[in-house]
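Heads up: the structure comes next, in structure tokens.
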Amino acid sequence: LSKNAHSAQKRHSGEPYFNHSYETALKLIEWRLDAPTIIAGLLHDVAEDTPISLEEIKKQFGEEVAFLVEGVTKLGHVKYRGQEAQAENLRKMILALSKDLRVVLIKLADRLHNMKTLGAVPPQKQKRIALETYEIYAPLAYRLGMQDLAGELEDLAFPYLYPKEYQWLFHEMKDKYEEREKYLKKVEPTLIQALEENKVKIIKVDYRAKRYSSLWRKLKRYDMTLDQIYDLVAMRLIVKTIEDCYATLGIIHKLWPPLPGRIKDYIALPKPNGYQSLHTTVFCIDNKPTEFQIRTEKMHEEAENGIAAHWVYEQGKGEAGYLDKRPTFAPKKELVWVSQLREWQKEFPDAEEFLDSLKIDFFRDRIFVN
């Protein structure tokens, strides 16, 4: 239905419009969302941009899908036009959040693909869309625990908002990233051997390169040079249990001395968005400061997919497989902030005031004290 409805439409790039709906749905599948959400992902622009009405969608796919499509359509009407509009946008998003988080997840998948294809859009629109993504959608993804998505959205917006800075970083960083990864590959066998000797089972080892946007923020905020940043590329260790996380931390510190003040325990004290992991920076081989991140598989999945990782599927009767699964949303303490924001709305009827109150929790950096 989506393919036929969009058949006469083309994107700015000249490709079929349906490609966008398809990519949005693929991302929702990757986040392992339920069938109604994936259907709504395929249909999210149909009611808005084609002759097919919401009524028709309801008739063919049911009330739940129509409700999700309508929610995404409403969010699409709000454009970022300065502070007042930003506050209104956030308000509408929060209302959508509190009714059904899946609306926002579809919107985020839709925005991710739009950002990936932003180069084909006229220049005056590029900056507005990039700014909206940077100011509204990336912080929202981060607050939902979707760290990976938040970082990707920021990185996609960065070249449009700060073209000179991006060019400079791109030029400066290319060799540095490769050099750091090569160095970590040299470190890996020593660490793996020590873990095996101590009977700690490693599920996966990978390398996390610091994103350009967050690197630029760090350089600016602390007035640093690139040589002062220790976590350009960090080694990430996925282990089986929480006990293994702490055992791994002990083994790393036995091999190499830690930098004072650089050990962060986000397992005992998770970040406000639910992120859990152990971080440590040590004087590693050749006395090079090197960051390690240690977490379990569950923590890793939640760090990558945030709120989307909390969908719980209950297998229904019969053998319809994926389509037969019924989603229930796992109750999580992280979601308390949604009701807090609803309360704040009542306290601050003025849009600008509301945004200022929101910034306290929503946009500002956090400071953790042990």
Side-chain angles (χ1 to χ4, degrees), residues 1-7 9 16-78 92-114 137 140-141 143-146 148-149 153 301-302 304-332 334-335 338-339 342:
L1 187 136
S2 177
K3 200 172 188 177
N4 291 338
H6 290 300
S7 60
Q9 296 170 315
Y17 193 95
F18 174 72
N19 288 12
H20 168 67
S21 308
Y22 180 70
E23 289 296 332
T24 301
L26 274 187
K27 184 49 74 173
L28 296 167
I29 290 170
E30 201 181 295
W31 293 339
R32 297 210 291 265
L33 288 161
D34 60 324
T37 311
I38 295 158
I39 295 167
L42 282 166
L43 300 172
H44 75 273
D45 280 331
V46 165
E48 177 76 358
D49 297 333
T50 79
I52 290 166
S53 67
L54 213 52
E55 234 7 84
E56 183 60 35
I57 290 171
K58 193 186 286 185
K59 210 182 289 175
Q60 288 208 44
F61 301 99
E63 231 163 277
E64 190 179 1
V65 170
F67 166 78
L68 295 172
V69 171
E70 187 181 18
V72 179
T73 305
K74 279 179 183 168
L75 285 187
H77 285 158
V78 191
K92 288 192 171 145
M93 280 191 151
I94 291 149
L95 290 172
L97 263 174
S98 51
K99 282 181 191 168
D100 198 319
L101 278 160
R102 292 175 297 171
V103 171
V104 180
L105 294 171
I106 297 164
K107 187 67 193 169
L108 288 169
D110 158 68
R111 178 52 60 116
L112 179 63
H113 186 251
N114 277 336
Y137 291 101
L140 186 71
R143 197 63 190 87
L144 291 175
M146 302 172 87
D148 204 47
L149 174 65
L153 287 171
E301 192 181 335
E302 290 184 6
E304 298 290 292
N305 293 333
I307 211 83
H310 297 317
W311 285 91
V312 178
Y313 291 104
E314 295 168 352
Q315 187 66 52
K317 288 176 185 166
E319 292 175 16
Y322 187 80
L323 290 173
D324 198 39
K325 292 177 182 181
R326 298 284 175 265
T328 55
F329 209 66
K332 286 279 167 184
E334 298 93 283
L335 302 188
V338 176
S339 50
R342 281 216 306 273

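Numbers for residues simply follow the sequence, beginning at 1.
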Polar contact flag, side-chain donor to acceptor under 3.5 angstrom, D34-T37
yes
Give, for atom NE2 of H44 and atom CD1 of I39, the distance between the pair rounded to the nearest 0.5 Å.
15.0 Å
Will you find, in the side chains of H20 and D110, an N or O donor that is under 3.5 Å from an N or O acceptor?
yes
May I ask you to decide if D49's main-chain N or O and Q9's side chain share a donor-acceptor pair within less than 3.5 Å?
yes
Is there a side-chain contact between W31 and L108 in this structure, where contact means two heavy atoms from C-beta onward sitting under 4.5 Å apart?
yes
Pair R102 + E64, salt bridge at N-O below 4.0 Å
yes
For the residue pair A66 and L54, what are the closest heavy atoms and their distance?
O-CD1, 4.0 Å
Any side-chain heavy-atom pair from L101 and L144 closer than 4.5 angstrom?
yes
Working to the nearest 0.5 Å, report the span between OH of Y22 and NE2 of H6.
15.0 Å
S2 OG to F18 CZ distance, which is reported to the nearest 0.5 Å
5.0 Å
Distance, nearest 0.5 Å, that separates CG of L149 from OH of Y137
12.0 Å
Side chains of T24 and L42, heavy atoms from C-beta outward: is any pair under 4.5 Å?
no
Going from CD on E30 to CG on L112, what distance comes out if it is rounded to the nearest 0.5 angstrom?
9.0 Å
When every non-hydrogen atom of I106 is compared with those of G41, the smallest separation belongs to CG2-CA, 4.1 Å
Inspect the surroundings of CZ in F67 and state if more than 12 heavy atoms from other residues, nucleotides or ligands are less than 6.0 Å away.
yes
When rounded to the nearest 0.5 Å, the distance separating CG of L105 from CE of M146 is 5.5 Å
Which pair of non-hydrogen atoms, one from A5 and one from T50, has the smallest distance, and what is that distance?
O-CG2, 3.5 Å
Are any of the side-chain heavy atoms of F61 and V69 separated by less than 4.5 Å?
no
